[in-house]
Every structure is written in structure tokens, then in C-alpha cells.
Asker: 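Okay, handing you the structure first.
Being a predicted model, the structure only gives us computed values, none of them experimental. The figures that follow rest on heavy atoms only: side chains count, while hydrogens, waters and symmetry mates do not.
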Protein chains: 2
Amino acid sequence: MGRRRGRSAGYVTGSDRRPDIAIGELGEFGVVARFAARLQPQGPGVLLGPGDDAAVLKPPDDPPDDRIVATTDLLVEGRHFRRDWSGPYDVGRKAAAQNLADVAAMGGVPTALLVGFAAPPQLPVEWVDAFADGLREECAVVGASVVGGDVVRCDLVVLGITAFGSLRGRSPVTRSGARPGDVVVVAGRLGWAAAGFVVLSRGFRSPKVLVEAHRRPEPPYAMGPVLADAGATAMVDVSDGLVQDLGHVAAASGVGIELESAAFEVTAAMRDVASALGADPLRWVLAGGDEHALAATLPPDVAVPTGCRVVGHVVEGAGVLVDGAAYDAGGFDHFG
Amino acid sequence: MGRRRGRSAGYVTGSDRRPDIAIGELGEFGVVARFAARLQPQGPGVLLGPGDDAAVLKPPDDPPDDRIVATTDLLVEGRHFRRDWSGPYDVGRKAAAQNLADVAAMGGVPTALLVGFAAPPQLPVEWVDAFADGLREECAVVGASVVGGDVVRCDLVVLGITAFGSLRGRSPVTRSGARPGDVVVVAGRLGWAAAGFVVLSRGFRSPKVLVEAHRRPEPPYAMGPVLADAGATAMVDVSDGLVQDLGHVAAASGVGIELESAAFEVTAAMRDVASALGADPLRWVLAGGDEHALAATLPPDVAVPTGCRVVGHVVEGAGVLVDGAAYDAGGFDHFG
């Protein structure tokens, strides 16, 4: 996909399209000030927010736990979002969500974000404003805030997001603890974002519920700590597709995972769209990315938490089987 | 500056130039493995390193201090480095250095890095190897290590670096505490990197000492905590140029700063090159970026630590004067 310059209707979603100045006219420090006006960090954990060489954070002390969960992702225009498909508010929500979800996938509670922002000087200032609003509102879902960042020039919009969180006394849930006999559960939506992506790819803008799911993931943040407390032996954020991401769990744990396709929910909207487009909706569920559901393994003797769906079990062996057979998940690869 | 594709001699510095495969052939997870092989996190502060949804860090406990210093920067090819001017090892050193220096500028001791890596699939694998070596060795200077990251595809090399550190019981030194009567000190080199940049811009490759200073900053990391312990009232990392960065201190502190040009060191190498190129070496010292020296203000009654040079003082007023006059620092702006 080529670089995009200048303005297009896609820069703005659902707002007036009055002419606005470009960030190049505002300058680096003007853009920083613009972010700062919309991103007031909050909470007792922020000892020093934006405006200095670094932020200073303090872990929550109820319970006392000085460990910090930290994760970073780069989002590149044209690879992770398209400015003609997603408005800046949705890009902000999504950029925050995918990093906050990584914290939840460790069993952690997100607390803060750092935001690196690279953009072309032609980008309208209103894009920055709406992007900042999206960041702020996604952070608010979990009680986190943006505590600092960096603004630089680039021909493309590139976002470097770092999320922090607290385990609040829990052990981190890694990918390597799954044991034969465990059940596999998922929390959150699966396949919706992939369906929305295909809808947009074909030039459509509806069903809105699927298109919106592509633009704005809704990770089940609270289920991360809930699954950790329930005794999850392994957990992963579903970012590249369930089969592929569970493949990482299987490899790290030295086990096999068997999924039953009948256990998944395929919504009526997904079935209808798949039928109209000649697609397989189960493929969206099993191999679709960008959904940021959580997948976890639980010992067989524990109660499955409300909000989780049991979709398979852990066995001796290796790899991930669906209905007893190998499944070609397509292997999303960021260099593919 | 245009995007660079394919190989050039600039990719490799001082190593054999045997043909190598491109990272696109290796795939995302192959590149991640390549990084992991060269970036083994170490130290008691790393409870969980790369390979999961997030890293888990524990602050050093001598003395007990659960606060974490955190800072992020994006480095964009063609803006912050050029692959035909700097080899990958130097880019790794520089990317780490500029973020570790931000931690030092708070009075902190760096502990860890997260590294987001965006690159075109044509990039040779040896570029990744040497870049990782550079990251590792710059981290080793301060006892830090790379604890996680992200690998994605992009037409340009874009680096999203996040650094962490500990204050080890100190109060963070912000930009806002300078008081009239304080002296202004600098630690570390000034003007060398800017001189090297100009040398390279004119198509030269020497003097090597200046070119190397552009390629690989040498921040005076240890002076951050030393200046904090000495009672620094404000401190800043010199990344955009001394006058501009001290301007942030003046504005945040509500004071003026007066510098004396005779107080700065202009080396013979800088004078010779400036003379040959018809340039003003003092301008490199006062307005040159990318050096990552530290500038601090100290109360007048404290002993100036060894390794620091007194270059001016803090006054009532606003802005930064040089020899009593306003100085046009050129105002480096990332959107300029």
C-alpha cells in the first residue's frame, strides 16, 4: 500500500469536515501541547507525567506489588490500520486497546501508556485531536492514562505504544504453563474484526457491527485478572488469530491443543455476510486477527469463570488441531 | 530524503560483506528469534523477558524504591539516522543511548529497554544482527538489557524505543526547579555530533572522531545520578541543541538563563573542520543536536561535581541569552 499524503474524507469520521491546519504548521511543540491538552494523566500512580525527559510512575500499593508489566507495539499505517478505513478516534482506541490487552493477557491491570507519534506534516491537526481522544477514552475503560510520549516527522503515520500494568500480587500468566488435561477457554469476541476487514476489503461499509469491530477492538480486559485468579496455567492475547496464537502457547508449553469447531459462536451477522461473500465464517473465528480476545488454559478441576467459553482441551503432543485435524491458519506474518 | 531499498555498502560497517538473506525470507518469528539470540536479558530486575505478551520487571531493591522512570522515542530512517551514513551497529548504539540518556537526565539509573522494530522485508538479516549487537552493547554500558519488543513490516526502518530506570531513592530532577542564582553546568560532549553531521553532509568521512560522534553519542550516564546527588535543581538531556533544551528549562522554571560562550570547549578538530568548511564551531556547541550531553542547574553554594563544566547562570527573567544577547538557535523542530 502506498503512502498517503494530503487530506481525504477518511481522515475524519462522523464530524464536520471544516478546513483545518496541518500539524507541520503547528510544529513539534505545538503538536505536543495539543496532545497534552487532551491527555491529562491521572491517578496516584503518576508521579510525573508528560513534559520532562521521562515520566515517573509508582505501582499501585493495594496490595503492595512493585513489579511492573511492560509491553510495546508498533502500528504502521497501511499495515495495522488504514486512514481511509478508520478515523483517527478509532485508530487511537485500537492502538491503546492492543497494548492494554497485552497487559491483561499476563493477568495484569493496565495503568499507563507511553505514545510515540510519527506523522507527515500534512496531517490535519484535527486528526491528532481525535486520535488523542481515542487513546484517552480507551485508557479510561481500564482506569489508565497516557503519561508521556514523543512526536516526530515521518512520511507515514507510525505509532509506538508502550503499556504498563500491575499484577496486584498475582503471578504473571505466561504462555508456557499449559498442561495436558487443561481446558481451553476464550473470553471476548472472535472473528468479528476479521469479518469487518473482509467487508471493508470488498468495498462495503456494513454490517456496521462487524466494520466497527474491525475499527475498534473490545478486549475483555477484566477477564485477564479473573482468569489469573481462577488458576489459568497459560494465557495469550489473540492478535494474529486464535489457532496461531494458541500455537505459541502449545510450543512454549510443550503440549498439543485440540479445539472443537462446534464450541465457537458464529453470529448471524457473520453467517449472513460470509454467505453473501462466499466466505467461511469459521475461518474468521479461528484465524482472524486484531480481535484481542483472551485465550487461556485452565486446570480441569476449576470452575470456568462467567464470560468464558470452553472451546477445547490440552493434550500430550504438539501443535493445534481443529476437530482432530491440522488446520491451516494461513500463518499471519508481519513480513508476509 | 527518499526511502532506501536494497543493499548498500552503508548497511555494514567494518565487517565482511558476504551476501546474506533478507528478513522477509526469515519471517516475523524468525526475526524475533534472531533478536532473542543476541539479546538475552539479564539481572535480577527481569522477572520475565521476551517471548510472552509482556515483560515483567522488578525495580532494584537497594535501596528499596518502587518508582519507575519511563521514556519513549521514535527514530525514523532519514530523519534520525541514515543507513548510508551509519551502520546498523551504530544505529543500535544511538537508539539505545538517546533513550537511556533520558533516564539519566531525571537522575535515574537505566535498567531496561523495550524495542519496537519496523523494517522493510528486503533488509538484510545481518543488519538486524549488528543492530541488536549495538543495542546490547550500549545497554551494557549502564548494566541494562533489552527485555522485549515487537517486529513489524514498514517501508522504512522505524524504531520505537522505551527505556526504564530506577531513581534508587533520589527525587526525580525535572526541568522546572531552576532558581535565580543557580549555576548552569554541562557534562559530556557538545558540538561533536553536529560537526560530524556537517562533515557527512558535505560528503566527507573525516575527521573520524567527529563522524563517530555523530554516529554514536556517548551520553555521560553516570553524571545524571551524580548531579542529582549534588543537588541539581533542574536537568535536561541535550537532544535538540543546548540553547533550545535549556530554553525548555527556563520556560518550565520561570527563569532566564545566561550562557558565556567563552566557557565552552571548542576542540582543535572542530575548529579545523569549521575553518575548512566556513562554519562557526560555537554554533555546533550551542545549537547542535543528537549529542545527549546533560545540562543541569546547581545551587550556587554546592561543589560542582568533577566532570562538569560551568557555562552560565540562572537569572530572573525568561529565555536563554548567550554573552548577554538573544541567540537564534535555529529552533530544531521535528516537523520543520
Asker: Contact part of A:Val173 toward chain B, heavy-atom cut-off under 4.5 Å: side chain, backbone, both or neither?
Answerer: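 Contact with chain B involves the backbone of A:Val173 alone.
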Asker: Select, from B:Ala105, B:Pro59, B:Pro172, the one with the greatest count of heavy-atom pairs under 4.5 Å involving chain A.
Answerer: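 When all of B:Ala105, B:Pro59, B:Pro172 are compared, B:Pro59 has the most.
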Asker: When you check the gap from the basic side-chain N to the acidic O, do B:Arg175 and A:Asp53 get nearer than 4.0 Å?
Answerer: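 Looking at B:Arg175 and A:Asp53, the cut-off is met.
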Asker: From B:Asp155 CG over to A:Cys154 SG, what is the distance, rounded to the nearest 0.5 angstrom?
Answerer: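 Nearest 0.5 Å value for the CG-SG distance: 10.0 Å.
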Asker: To the nearest 0.5 Å, how far apart are CD1 in B:Ile68 and CZ in A:Arg67?
Answerer: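 The CZ atom of A:Arg67 is 13.0 Å from CD1 of B:Ile68, to the nearest 0.5 Å.
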Asker: How close do A:Ala118 and B:Leu74 get, counting heavy atoms only, and between which atoms?
Answerer: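 Result for this residue pair: N-CD1, 3.5 Å.
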Asker: Please look at B:Val249 and chain A and tell me whether the side chain, the backbone, both or neither of the residue comes under 4.5 angstrom of a heavy atom of that chain.
Answerer: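 B:Val249 has no heavy atom closer than 4.5 Å to chain A.
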Asker: Checking B:Leu47 against chain A: side chain, backbone, both or neither under 4.5 Å from a heavy atom?
Answerer: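 Answer is side chain: those atoms of B:Leu47 sit under 4.5 Å from chain A.
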Asker: With only heavy atoms counted, which part of B:Val147 is less than 4.5 Å from chain A, the side chain, the backbone, both or neither?
Answerer: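 Looking at B:Val147, nothing touches chain A.
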Asker: What part of B:Val76 lies closer than 4.5 angstrom to a heavy atom of chain A: side chain, backbone, both or neither?
Answerer: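 Contact with chain A is through the side chain of B:Val76 alone.
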Asker: Between A:Lys58 and B:Asp66, is there a side-chain heavy-atom distance shorter than 4.5 Å?
Answerer: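 SC-SC contact between B:Asp66 and A:Lys58 confirmed.
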Asker: Can you see which heavy atom on A:Phe29 is nearest to which on B:Asp240, and at what distance?
Answerer: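 Shortest heavy-atom separation between A:Phe29 and B:Asp240 comes out as CZ-OD2, 3.9 Å.
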Asker: Between A:Gly116, A:Gly160, A:Ala70, who has the most heavy-atom pairs with chain B when the cutoff is under 4.5 Å?
Answerer: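 Sorted descending by pairs with chain B, the first entry is A:Ala70.
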Asker: Only one of B:Asp150, B:Ile161, B:Thr72 forms a side chain to side chain contact (heavy atoms under 4.5 Å, CB included) with A:Thr162, so which one is it?
Answerer: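 Exactly one pass, corresponding to B:Thr72.
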